[in-house]
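Note on naming: letters A, B, ... go to the chains in the order of the sequence lines (proteins, then strands), and numbering restarts at 1 for each one.
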Amino acid sequence: MNQSGNDNTGFFEKVYEVTRMIPYGRITTYGAIARYLGSAQSARMVGWALNSCHSQPDWVPAHRVVNRNGQLTGKVHFPGSNTMQQLLESEGIRVEDDTVLEFKKFFWNPATEL
DNA sequence: GGTGTGACAATGG
DNA sequence: GCCATTGCCACAC
């Protein structure tokens, strides 16, 4: 029952929520989110959740989430070819070779900011 | 209901 | 310092 659309697992839902909390012009990593959820060793689940972000009715700024190297590993999951990079550059984030430059500078830690 | 995988991360040699 | 391997949890088949 309870088909109001919020029947996702707490873990996934939390990932979407945290991802939506990312401020404009900032980015975070899978490990940071996973750690914020209490499962630092489950960083893969964060990526998996974003992979299922299509299941979410709202738009999830998954383009603001990158791997520890600042590389846009999941850009292939976006429509088009470099949609993810374009979005990041549109927010003032320098991206080159599918990698975020000054990634540490734009890094947003949910465990710290929240 | 079991197996495999997956947009990662951390550790070891 | 770089390459290879393991750990992790939830979802898809």
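- Using modelled atom types and a 3.5 Å distance limit, the side chains of A/Arg20 and A/Gln56 yield a donor-acceptor pair.
- Looking at heavy-atom distances under 4.0 Å, A/Ala62 makes contact with a base.
- Atom pair A/Leu50:CG and C/dC11:C1' shows a separation of 14 Å (rounding to whole Å applied).
- Whole-Å rounding puts the A/Trp48 CH2 to C/dC8 P distance at 18 Å.
- Remark: C1' of B/dA7 and CD of A/Gln71 are 11 Å apart, rounded to the nearest angstrom.
- Sorted by first then second residue, the salt bridge (Lys or Arg N to Asp or Glu O under 4.0 Å) pairs that include residues 74-91 of chain A, not counting sequence neighbours, are A/Arg64-A/Glu91, A/Lys75-A/Asp98.
- One interatomic measurement links the two molecules: CD of A/Glu13 to C1' of C/dA10, which rounds to 15 Å at whole-angstrom precision.
- Classified by interplanar angle (parallel below 30°, tilted 30° to 60°, perpendicular above 60°), the ring pair A/Trp59/A/His63 is parallel.
- Side chain of A/Thr28 to main chain of A/Trp108: a donor-acceptor pair is present (N/O by atom type, distance under 3.5 Å, no hydrogens or angles).
- Atom P of nucleotide C/dT6 and atom CD of A/Gln41 are separated by 16 Å, given to the nearest angstrom.
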Contact list (N/O, under 3.5 angstrom) for nucleotides 9-13 of chain B vs protein:
| unit_1 | atom_1 | unit_2 | atom_2 | d |
| --- | --- | --- | --- | --- |
| B/dA9 | OP1 | A/Arg68 | N | 2.8 |
| B/dA9 | OP2 | A/Arg68 | N | 2.6 |
| B/dA10 | OP2 | A/Arg68 | NE | 3.1 |

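- Closest approach to the A/Phe12 side chain among C/dC8, B/dC8, C/dA10 is made by C/dA10 (side chain taken as heavy atoms from C-beta onward).
- Remark: C1' of B/dA7 and CD of A/Gln85 are 16 Å apart, rounded to the nearest angstrom.
- Between the side chain of A/Asp97 and the main chain of A/Thr99, no donor-acceptor pair closer than 3.5 Å is present.
- The distance between atom CG of A/Asp98 and atom P of B/dA7, rounded to the nearest whole Å, is 15 Å.
- As a whole-Å value, the separation of A/Ile22 CD1 from B/dA7 C1' is 13 Å.
- For A/Asn69 (side chain) and A/Gln71 (main-chain N/O), no donor-acceptor pair under 3.5 Å exists by modelled atom type.
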